[in-house]
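Below you'll find the structure, written out as structure tokens, and then a few comments.
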Amino acid sequence: MSFFGFGQSVEVEILLNDAESRKRAEHKTEDGKKEKYFLFYDGETVSGKVSLALKNPNKRLEHQGIKIEFIGQIELYYDRGNHHEFVSLVKDLARPGEITQSQAFDFEFTHVEKPYESYTGQNVKLRSVSYSYFLRATISRRLNDVVKEMDIVVHTLSTYPELNSSIKMEVGIEDCLHIEFEYNKSKYHLKDVIVGKIYFLLVRIKIKHMEIDIIKRETTGTGPNVYHENDTIAKYEIMDGAPVRGESIPIRLFLAGYELTPTMRDINKKFSVRYYLNLVLIDEEERRYFKQQEVVLWRKGDIVRKSMSHQAAIASQRFEGTTSLGEVRTPSQLSDNNCRQ
Amino acid sequence: MSDTAVADTRRLNSKPQDLTDAYGPPSNFLEIDIFNPQTVGVGRARFTTYEVRMRTNLPIFKLKESCVRRRYSDFEWLKNELERDSKIVVPPLPGKALKRQLPFRGDEGIFEESFIEERRQGLEQFINKIAGHPLAQNERCLHMFLQEEAIDRNYVPGKSFSQCCPGWSAVA
């Protein structure tokens, strides 16, 4: 989003210092379009410059101050205009005065905490939520400010879970259909493969085919106001035809082909995104028999870059003991972190 | 951005299938035919009955073969019983054809051959859909309809076998 002031006399650009080397990641925006943004991780420094280009070099630009902000915000779709900033950092770039020529102002937000992953909710019209991060440069003026924003994308990384047991269960309808299903893990990373099997112990109905669905469930609100939004991300047929007792059907589902995010549990105590595998059997009369099972998805880091891990190590030292995931930081609490020139 | 290790996608171990299971008859055989419509009675007290023949190897049915005579109102009774007692969405019956029962028609009304054939097909579809449903198989009314000589309208409704076990869902 960017707004230009009345009578654009100045063009504002935000440029990152590491724009060449920094990776970009795709992210779906509110209107469903996929765009690429610069990718940041928790603890990384955000540094660059704000460049002002005067359209008419002879015309001076009077202003009431120039600043740059780094914002992390939660937006509740159903309550438009209800933004909550969980990260808010400010750097003043210039005191009130005049700009007589095009110039650039350097800025650096050191080891910025980015606790949540960027997320765009499923159903923009209803009770969905989005987490977003952006830089905002503002030239304050008497009548209207000149504002330029730059969205960025944040990913949260995890490491291989220590405990990752398989899921194995026997389910069925008495005297009618008994199966044993097994998935090799309970926690999968976003480029993982679900390896499993379905073993038929008893088949007294006429099965036509079997599929496995990946379901994403967004949960907003707490207590009596809990609202779930389900979305079937994938439907993958694993068997066509009628099985008999003793048959074993293999499952091999590659997750990299689907649009998935990590499992988010109780963010801000108000919001969750969870994933479920739904095993569905359909019989000849189109009756559906299903078994749903939650799986935890996590994001695996790429080959670790030394600079990133160094910064992340510093960040963890600095923030240890002061915040925990899920805690909300209001701008007033962050005032110590703001450096004013 | 590539993994140095390739994901392990080998199949999970499973028991080899017994040959008798693999080549034996499937345990889900269920066939119901509706045929041989016959109109009985005279004048205004006429009605049509159909033969309902069932063959199955499902253990939930007491008889592996049965043959009974039923009329349209018996099917309606079955539909009402299942709608009231079981949790399933009962499929529709072929129409009641009230218009055909009005006087001064040019044809035979509800005893017209083509109409009886249409109704027979509809009833066959209806009973096959119901009898294959695991929740309907639990109801006494279905067993009485399919396998007992006469329907006792004063019977005590109930479940003939145990309910579905938890941790599973059957959705019609």
Side-chain angles (χ1 to χ4, degrees), chain A residues 23 25 166 168-180 182-184 188-189 191-207 242-256 280-292 300-303, chain B residues 1-31 56-61 87-91 125-138 159-172:
Chain A
K23 270 201 171 159
S166 66
K168 189 166 177 174
M169 259 188 238
E170 189 184 314
V171 293
I173 299 173
E174 187 87 11
D175 225 31
C176 196
L177 175 67
H178 287 196
I179 62 166
E180 185 191 76
E182 184 178 345
Y183 305 129
N184 61 335
Y188 292 94
H189 63 80
K191 310 263 182 268
D192 216 335
V193 187
I194 298 178
V195 174
K197 74 173 207 288
I198 311 293
Y199 179 75
F200 286 90
L201 294 151
L202 178 68
V203 187
R204 290 220 174 97
I205 54 173
K206 302 190 200 190
I207 297 176
V244 293
R245 178 173 50 205
E247 276 198 72
S248 195
I249 304 297
I251 298 170
R252 194 178 289 131
L253 180 53
F254 289 81
L255 294 178
V280 185
L281 288 92
I282 297 129
D283 75 9
E284 301 218 326
E285 299 291 342
E286 302 297 324
R287 284 181 283 261
R288 300 162 66 87
Y289 308 78
F290 63 90
K291 175 71 184 129
Q292 217 176 71
K300 188 159 77 94
D302 302 338
I303 300 161
Chain B
M1 193 219 77
S2 58
D3 251 327
T4 44
V6 174
D8 184 1
T9 57
R10 285 172 303 170
R11 292 189 185 187
L12 300 181
N13 289 332
S14 52
K15 290 177 275 210
Q17 190 180 22
D18 201 350
L19 283 182
T20 50
D21 286 341
Y23 293 102
S27 22
N28 58 9
F29 180 71
L30 172 66
E31 260 172 40
T56 183
N57 67 354
L58 295 178
I60 198 164
F61 290 106
K87 287 178 255 174
I88 69 180
V89 175
V90 184
Q125 277 179 19
F126 171 83
I127 193 63
N128 272 292
K129 274 200 185 144
I130 296 224
H133 197 304
L135 289 178
Q137 286 166 2
N138 280 344
K159 312 271 182 247
S160 50
F161 279 80
S162 50
Q163 302 271 307
C164 293
C165 57
W168 188 260
S169 310
V171 181

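Treat the numbers as computed from the prediction; the structure is a model and nothing was measured. A, B, ... follow the sequence lines: proteins, then strands. Residue 1 opens every chain.
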Are side-chain heavy atoms of A/D175 and B/P59 found at a separation under 4.5 Å?
yes
Give, for atom [atom1] of [X] and atom [atom2] of [Y], the distance between the pair rounded to the nearest 0.5 Å.
| X | Y | atom1 | atom2 | answer |
| --- | --- | --- | --- | --- |
| B/Q137 | A/E174 | CD | CD | 13.0 Å |
| A/N184 | B/R11 | CG | CZ | 14.0 Å |
| A/I205 | B/L30 | CD1 | CG | 12.0 Å |
| A/I249 | B/S14 | CD1 | OG | 9.5 Å |
| B/T9 | A/L253 | OG1 | CG | 12.0 Å |
| A/I173 | B/L135 | CD1 | CG | 7.0 Å |

Looking only at heavy atoms, which two atoms of [X] and [Y] are closest? And how far apart?
| X | Y | result |
| --- | --- | --- |
| B/K129 | A/R287 | O-NH1, 3.0 Å |
| A/V244 | B/P26 | CG1-CB, 4.5 Å |
| A/V195 | B/D8 | CG2-O, 3.6 Å |

Could you go through A/R245 and B/D18, starting from their C-alpha distance and side-chain angles, then the distance that decides it, and tell me whether this counts as side chain to side chain contact (heavy atoms under 4.5 Å, CB included)?
CA-CA 9 Å; A/R245 178 173 50 205; B/D18 201 350; over 6 Å; no
Against chain A, label B/N57 side chain, backbone, both or neither, depending on which of its atoms sit under 4.5 Å from a heavy atom there.
neither
Let me know if [X] has heavy atoms under 4.5 Å from chain B in its side chain, its backbone, both or neither.
| X | answer |
| --- | --- |
| A/F200 | neither |
| A/E182 | both |
| A/R204 | both |

Can you tell which of A/P250, A/S248, A/P243 has the highest number of heavy-atom pairs within less than 4.5 Å of chain B?
A/P250
